[in-house]
J.: 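Let me give you the structure first, and then I'll get to my questions.
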Amino acid sequence: MKTKSLGSVRKSFSPWTDPDAKPFIRFENVTKTFDGTAAIDDLSADVYEREFFALLGASGSGKSTLLRLLAGFETPTRGRIVLDGEDMTGIPPHKRPVNMMFQSYALFPHMNVEQNIAFGLKQDGMAKSERNDRIAEVLKLVKLENYGRRKPHQLSGGQQQRVALARSLVKRPKVLLLDEPLGALDKKLREETQFELTDLQYELGITFIMVTHDQEEAMTMADRIAVMGDGRILQIGTPPEIYEAPTSRFVADFIGTVNIFDGTVTARNGDRLKLETGAGHLLEVDANEESVSRARSGEKAAYAVRPEKLRISAKELTGPNVLSGEVWEIAYIGDMTSFHLKMDDGKIVRVSMVNASRESPVQLTWHDRAWVSFDPDAGLLLAN
Amino acid sequence: MRQGWTAFNIVSVIIGFSFLYLPIVLLVIYSFNASQLVTVWAGFSTRWYVQLFNNQGLLDAAWVTLRVGVLSATVATLLGTFAAVALTRYTRFRGRVLFTGMVYAPLVMPEVITGLSLLLLFVAIDFDRGFWTVTLAHITFSMCFVAVIVQSKLLSFDRSLEEAAMDLGATPAKTFLSITLPVIWPAVAAGWLLAFTLSLDDLVVASFTTGPAATTLPMKIYSAVRLGVTPEINAVCTILIAIVTVGVLSATLVNKRREVRRARESQVAFG
């Protein structure tokens with residue numbers, strides 16, 4: 001079983017692999033149509049308690065609609081959502097045990113930080129002394145102890161983000177929904193906040209569902225990622241599964257960069273397949289378990305391999321799984337160098353080389369001839 | 001680009017402002033005229049103001065106008081705000097375009113037609129004309145102005161504020177009162193002021209819909225002027241101008257002070 005050792009992270013928390021684990025949130029055949037077009041199309045998924053679950057997709061993929069369905073701002077056209085054993089159909093937003101952190105933060109402009117945070121507690125009729133304790137506690141959690149009397153417009157973007165977070169956490173919801181929580185922060189602050197949020201989620205033990213279009217953000221923070229497109233979930237998996245074992249061409253292409261070679265299977269020897277690409281290259285690749293049953297001789301198949309799994313050389317190489325081309329673009333990024341090679345048939349192959357030492361073993365410049373090679377298990381076969 | 005005070009600029013400004021304000025300035029000056037004759041200056045005097053405050057007819061009319069204005073502006077603000085909320089919030093109901101058009105139609109309707117149709121209605125249902133009919137008529141035409149003002153504010157309003165409030169457990173009614181209303185408050189207040197002003201200077205609709213017992217100030221002034229302009233009328237108008245000026249100035253000052261305070265708070269926050 002190859003999937004077990006994907007990536008470099010060993011997971012200790014993985015209820016989704018346990019057949020006896022009870023899902024905390026179930027989306028059951030949920031469909032939502034707006035004026036006849038389906039924003040969510042017959043979608044089913046399970047989320048487990050204490051999980052950090054990310055919905056990743058381009059704009060218009062339906063990820064925000066799914067979040068709004070869970071919050072109760074939209075009602076499903078068909079299907080239902082079950083939260084902690086309770087059917088959410090017909091329950092208005094103000095009676096749901098979920099809280100949402102909005103992309104725009106949606107801080108009430110006429111209230112100061114404390115009043116913003118107190119708002120949710122007041123709706124529950126909580127006594128003033130208990131309320132104040134909870135507010136102090138949550139302000140400490142987001143490190144804004146001395147900002148309680150400030151109005152939202154007197155805070156920086158990062159501080160506003162923390163207030164929004166505090167306000168959505170103070171009622172201790174069963175599920176916290178985060179709509180592009182870091183979208184409005186600059187890069188440096190975003191990276192810091194990513195780890196703070198994961199630590200916070202671990203500490204509090206609240207189930208988080210986050211919507212994002214930033215794959216790096218999803219990979220950094222989430223236990224599992226659902227890749228969405230056209231109102232459907234295309235794949236659910238841990239970050240390594242999504243990156244190393246995409247089940248479709250769309251997912252492979254959407255997450256990170258990938259080189260895809262289209263070809264025809266010419267021979268098969270156990271788990272090893274021979275694939276002839278349109279440009280006449282012969283590839284010898286491992287048929288990973290899912291595609292073994294699919295790829296037969298004479299069938300069309302595509303082989304996907306990530307740039308960092310290719311080796312580049314200035315010297316001529318021979319053997320199977322060797323391609324050669326002209327150096328078309330070079331980008332020196334610091335930790336790695338990225339090459340674009342133009343094959344003889346015009347196809348661009350992306351190769352990245354980690355700069356593990358200060359002096360590079362490979363010296364190449366624009367328009368040089370270069371060779372790339374890879375191992376049979378470097379990539380994976382995808383169904384077309 | 002030169003933007004100096006050229007002779008041409010100065011002349012343009014003088015002509016423009018004279019055009020706007022000369023009649024008003026003349027009116028104010030002549031209200032302090034000692035002479036009975038409107039066009040002959042006979043020295044400074046406040047006798048017309050004294051006489052004005054002894055003119056029971058005018059004072060009664062002013063009192064009626066004030067009551068009609070406050071009452072109709074308040075009701076129009078309530079109705080107009082609800083109409084605006086309904087039209088911006090519930091965007092998917094059938095016939096929304098028709099309703100929007102119908103709310104705005106009175107904006108462009110000639111006053112004579114509004115007045116006449118209301119008169120016909122009151123006669124048809126045998127409603128005694130007087131204070132209440134004028135008030136109803138003023139509510140009718142001023143609520144659409146309020147609706148327009150409030151609606152423009154609601155369109156720029158961040159809906160996620162309301163969603164956040166509901167998400168935090170507030171019922172829709174509570175959300176409206178504690179979040180929406182405080183945020184759109186300036187527009188509601190502006191709507192009230194406009195409705196009040198419209199009611200204050202309406203002559204046409206009031207003439208159609210009032211009865212003998214409730215004569216408004218504009219009607220009184222108009223009928224007095226038909227018998228010849230008296231310095232007393234000038235005095236009434238000067239007082240009206242003063243009230244409007246003070247109102248506009250104080251609104252501007254309050255706004256300005258709020259801006260300054262906001263800027264100062266931000267400065268404290270960010271050093």
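Treat the numbers as computed from the prediction; the structure is a model and nothing was measured.
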J.: Might you confirm whether atom OH of A/Y147 has over 12 heavy atoms from other residues, nucleotides or ligands at distances under 6.0 Å?
T.: no
J.: Considering all heavy atoms of both residues, which atom of B/E163 and which atom of A/F73 are nearest to each other, and what is their separation?
T.: O-CZ, 3.4 Å
J.: Where does A/L107 contact chain B at under 4.5 Å (heavy atoms): side chain, backbone, both or neither?
T.: backbone
J.: Counting neighbours of CZ on A/R50 that are heavy atoms of other residues, nucleotides or ligands and sit closer than 6.0 Å, is the number greater than 12?
T.: no
J.: Would you mind telling me which of A/Q123, A/M101, A/Q103 has the largest number of heavy-atom pairs within less than 4.5 Å of chain B?
T.: A/Q123
J.: A/A222: which residues meet the side chain to side chain contact (heavy atoms under 4.5 Å, CB included) condition with it, sequence neighbours left out?
T.: A/F52, A/A54, A/I225
J.: Could you tell me the separation between the NZ atom of A/K122 and the CG atom of B/L168, rounded to the nearest 0.5 Å?
T.: 12.0 Å
J.: Could you tell me the separation between the NZ atom of B/K174 and the NE2 atom of A/H94, rounded to the nearest 0.5 Å?
T.: 12.0 Å
J.: Enter the distance from B/S178:OG to A/M111:CE here, rounded to the nearest 0.5 Å.
T.: 5.5 Å
J.: Kindly check if the number of other-residue, nucleotide or ligand heavy atoms within 6.0 Å of CG (A/D230) is above 12?
T.: no
J.: Answer yes or no: is there a donor N or O on one side and an acceptor on the other, between the side chain of A/N99 and the main chain of B/D167, under 3.5 Å?
T.: yes
J.: For the residue pair A/S104 and B/S160, what are the closest heavy atoms and their distance?
T.: OG-OG, 3.0 Å
J.: Mind checking whether B/L161 and A/P109 have side chains closer than 4.5 Å, heavy atoms only?
T.: yes
J.: Who wins among A/R167, A/R96, A/K95, A/K151 for the most heavy-atom pairs under 4.5 Å with chain B?
T.: A/R167
J.: Apply ring-ring contact (aromatic ring centres under 6.0 Å, His included) to A/F119 and list each qualifying residue two or more places apart in sequence or on a separate chain.
T.: A/F108
